[in-house]
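Chain A is the first sequence line, chain B the second, and so forth, proteins listed ahead of strands; every chain is numbered from 1. Hydrogens, waters and symmetry mates are skipped; everything else that's a heavy atom, side chains included, is used.
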Number of protein chains: 4
Amino acid sequence: MRRSSRPSPLKPRKAPSQPRAAETVASIIEAAAQVLESAGLEGFNTNAVARRAGVSIGSLYQYFPGKDALTIALMRREARLFYEDASKGLDQPTGEAAMDYLIRAAVRQQLRRPALARLLDVEESRPALRREASGPDTFQTLLATIMGRDDMPRQKRPNLVVGDVIAIIRGMVDAAGERGEKDVKDLGRRVRAAVFGYLSVSAGCD
Amino acid sequence: MRRSSRPSPLKPRKAPSQPRAAETVASIIEAAAQVLESAGLEGFNTNAVARRAGVSIGSLYQYFPGKDALTIALMRREARLFYEDASKGLDQPTGEAAMDYLIRAAVRQQLRRPALARLLDVEESRPALRREASGPDTFQTLLATIMGRDDMPRQKRPNLVVGDVIAIIRGMVDAAGERGEKDVKDLGRRVRAAVFGYLSVSAGCD
Amino acid sequence: MRRSSRPSPLKPRKAPSQPRAAETVASIIEAAAQVLESAGLEGFNTNAVARRAGVSIGSLYQYFPGKDALTIALMRREARLFYEDASKGLDQPTGEAAMDYLIRAAVRQQLRRPALARLLDVEESRPALRREASGPDTFQTLLATIMGRDDMPRQKRPNLVVGDVIAIIRGMVDAAGERGEKDVKDLGRRVRAAVFGYLSVSAGCD
Amino acid sequence: MRRSSRPSPLKPRKAPSQPRAAETVASIIEAAAQVLESAGLEGFNTNAVARRAGVSIGSLYQYFPGKDALTIALMRREARLFYEDASKGLDQPTGEAAMDYLIRAAVRQQLRRPALARLLDVEESRPALRREASGPDTFQTLLATIMGRDDMPRQKRPNLVVGDVIAIIRGMVDAAGERGEKDVKDLGRRVRAAVFGYLSVSAGCD
DNA sequence: TATGAATGAGTGTTCATTCAT
DNA sequence: TATGAATGAACACTCATTCAT
């Protein structure tokens, strides 16, 4: 695996101004998702993505300055998708209902394309990607907002709790995806049990 | 020269009969751990491991028939370390105490070498490795035994619950390791909160 | 990095669509021939071929998925050359004249590039290559056709006789090439003597 | 395949003076034969031979200064075996009977261990080996002697004829071995037809 | 003398990236 | 701007050979 000596650039090479270019970019990103799903991290290479997208490798590099930039773009697409769904939960009357909604959204997201979600989680742990992948609208800020609602238990160390809750959700949901679970409702219930169990106990002790 | 097309072998190539060889094997495995920690999955290659171990690449391949076999050997070393610690928890008088001990052992294991533990978890998700890496003495069987204790809540779907609990522990503990947490006690408490919270809720609902 | 464990593919990887690519492919095949001639089977490696062809090793692998595929391509090139020459003999009025033509063609082919022809014969004995290298138009079918002519002696076991005749031709012609013989006419006469001698005797005895 | 920069020595390292050493040498040579038969040229390596012989690789190198020396020793063993059998034919009353005997001996030799014989023929074409492998008592001298008998047809170029006859025999017999033929008598008859056919025709024309 | 652990140059192959067309 | 041929550093793995024990 060649990692270029100068750290390869991570931002999209150009904002696609023309609609045709935007389509091309989108098709490349979706091709990346499909390659990741069907061939795994080992089979995830730029040539395969270009082929699947039906564009030349040269075109791919016109829009993405490197492989990592492509991965990041895919992460952002998935994050945006999730955020658009999950943020609706902020309208819920109670914090508990909002949290419930958030959990369900996370489960939905994961079970929609389980392999993809899991592999992106793995990639996200690479420092180079993690830095770039997280925009301002994240799981973290969403959760923090919800945890701040009046009806939610006060926490001594809110950041830590947010981190823990995310870890619980991610852990359970990735594992479920790997096992091939399909039932959103059932998995949602179990994750809910874990999160609310954690919150109730931790609020007391901490 | 690529000759054989059999799916690269995963078992150690030969048992080191001389003490010098045993040292070499151990130093290679430890070097693998260090390379994984310092260079990540991307930098984890057999040449780097041999260099770090201070042996030639040929020596590495005398004892490990392939890269995956080396990874598995490392997994097993860590699993054995964990199991030796965690299985002491079976002596505890109550299931709850045993579970408590198990959780603490998991936390200790993870915080001992956080990056290593996390990357091995990732590798373990590759089917080829998972099959080989898990001996009979695993986290799973340990947990299942504990869940079967009299004082633990009966579960309708014990396998699923075991999976969920492992996912919760792994998720929280990996995330904590990534954040650089060092405090075993504190993390242990929080994981305990999540697990027991989950168990109490799930036993009721399910 | 060794990833796939499929038994290395033998068909050309992609048809060169641009004229530049076709040139590259041809130059690689010819380089393979030259390396084989000058360095023998021992020195026949993909890096040497690429260097001799004046292309990068990557280019070689763009067009040939493996070393064996390259060998096969070279075999086919030589086989086609031979077939184009030898099949003209089918126009001859008598079977005997056709056989004569065929023998001369074989001798010409062999003495054109003796070392190459001999080493390809050796390689062809590897089962994996033999299977792929022989198209429908081969020495065998050519010979069988000629042997079926009216004026040729009936044989009890035609397949065996074809095999024997090929073996006689190959054996004599390879040995002559190794000895450095250059005189096509002379060698042709001797091979003719052996083949017709064999046929006349074997037709009687058998 | 590493061929050492200085041409590796080809003579046996030492004449085994003690009977135990002679046994070891013989067992190594036989192991080489078996490895060649069962694994082919590709699997023919010194470690495999040592393992099969039940000696350490170090011991192998005590008796043979290199891989090629081992190959040559095996060739010599087979040549001696053949010569011991074939030279009995010199007692035959006529040249024709002697030639007949020689052909049968060649066929016997080849069909005894077909794969071995074929692979040694291939190896023998490597110049480094060919030089060393042929002692004074060879197929060639034997054939030349027989061709000089009174009742054999005079040949204008006896060396060439000897070469041709050997080539015919080798070619037919190797091909038969490759096809898996087992019937010594039948193959002997066919080779006899080819050789005598060749001789009678060539004696006239030449 | 026998052992087998150790060596390392060499070989097949991949893939991110560039650039002439 | 789009194409895809070309590049070459990097990596997995082999095997003839050496040498300390």
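Nearest-nucleotide mapping onto DNA chain E: of B:Thr24 and C:Gly43, the residue sitting toward the 5' end is B:Thr24. Summary of the strand contacts: C:Leu60 and B:Gln62 both lie near DNA chain F, and taking for each the nucleotide with the nearest heavy atom, the more 5' one is attributed to C:Leu60. Comparing A:Gly58 and A:Asn47 against DNA chain E, the residue whose closest nucleotide sits nearer the 5' end is A:Asn47.
When heavy atoms are screened at a 4.0 angstrom cut-off, A:Phe44 is found touching the sugar-phosphate backbone but no base atom.
Contacts of B:Ala33 classified as side-chain contact (heavy atoms from CB on, under 4.5 Å), with partners at least two apart in sequence or in another chain: B:Glu30, B:Leu74, B:Arg77, B:Arg113, B:Leu116. For the side chain to side chain donor-acceptor pair (under 3.5 Å) test, residues two or more places apart in sequence or in another chain that qualify with C:Asp121 are C:Arg170. In this structure, the side-chain contact (heavy atoms from CB on, under 4.5 Å) partners of A:Phe44, at least two apart in sequence or on a different chain, are A:Ala32, A:Val35, A:Leu36, A:Val49, A:Lys67, A:Thr71. Scanning for side-chain contact (heavy atoms from CB on, under 4.5 Å) contacts around B:Gln62 gives B:Lys14, with sequence neighbours left out. Among residues two or more places apart in sequence or in another chain, the side chain to side chain donor-acceptor pair (under 3.5 Å) test is passed with A:Thr24 by none. The side-chain contact (heavy atoms from CB on, under 4.5 Å) test applied to C:Ser56 returns C:Ser59, not counting sequence neighbours. Every residue was checked against the side chain to side chain donor-acceptor pair (under 3.5 Å) condition with C:Ser27, not counting sequence neighbours, and none meets it. Residues satisfying the side chain to side chain donor-acceptor pair (under 3.5 Å) test with D:Glu124, not counting sequence neighbours, are none.
Side-chain contact between C:Tyr63 and C:Leu70: absent, with no pair of heavy atoms (C-beta onward) separated by less than 4.5 Å. By the 4.5 Å heavy-atom criterion applied to side chains, A:Phe64 and A:Ile29 are counted as neighbours.
In this structure, A:Lys67 places its NZ atom 12 Å from C1' of E:dT17, rounding to the nearest Å. Taking atom CD on D:Glu42 and atom P on E:dT11, their separation rounds to 15 Å, with Å as the unit. In this entry the distance linking CG of B:Asn45 with P of F:dA9 reads 16 Å, nearest Å. Distance CD (B:Glu23) to C1' (F:dT21): 14 Å, rounded to an integer number of Å. In this structure, B:Leu41 atom CG and F:dC11 atom C1' are separated by 15 Å, rounded to whole Å. For the pair C:Phe64 CZ and E:dT11 C1', the computed distance is 18 Å after rounding to whole Å.
Residues from residues 27-39 of chain A with heavy atoms under 4.0 angstrom of DNA chain E: there are none. A heavy atom lying under 4.0 Å from DNA chain F marks the following residues of residues 49-57 of chain C, by number: C:Val55, C:Ser56, C:Ile57.
Judged purely by distance below 3.5 Å, without hydrogens or angles, the side chains of A:Arg130 and A:Ser125 never pair a donor atom with an acceptor atom.
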Taking Watson-Crick (N1-N3 plus N6-O4 or O6-N4) and G-U wobble (N1-O2, O6-N3), each under 3.5 Å, can you produce the dot-bracket string of DNA chain E? Use [ ] for crossing pairs and | for inter-strand ones. .||||||||||||||||||||
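Residue D:Tyr63 places no side-chain N or O under 4.0 Å from the OP1 or OP2 atom of E:dT1. Between C:Tyr61 and F:dA6, a side-chain N or O to OP1/OP2 separation shorter than 4.0 Å is absent.
The side chain of C:Thr46 lies closest to E:dG12 when the candidates are F:dA6, F:dC13, E:dG12.
Residue pairs satisfying the salt bridge (charged side-chain N to carboxylate O under 4.0 Å, His left out) criterion with at least one member in residues 44-65 of chain B, sequence neighbours excluded, are absent.
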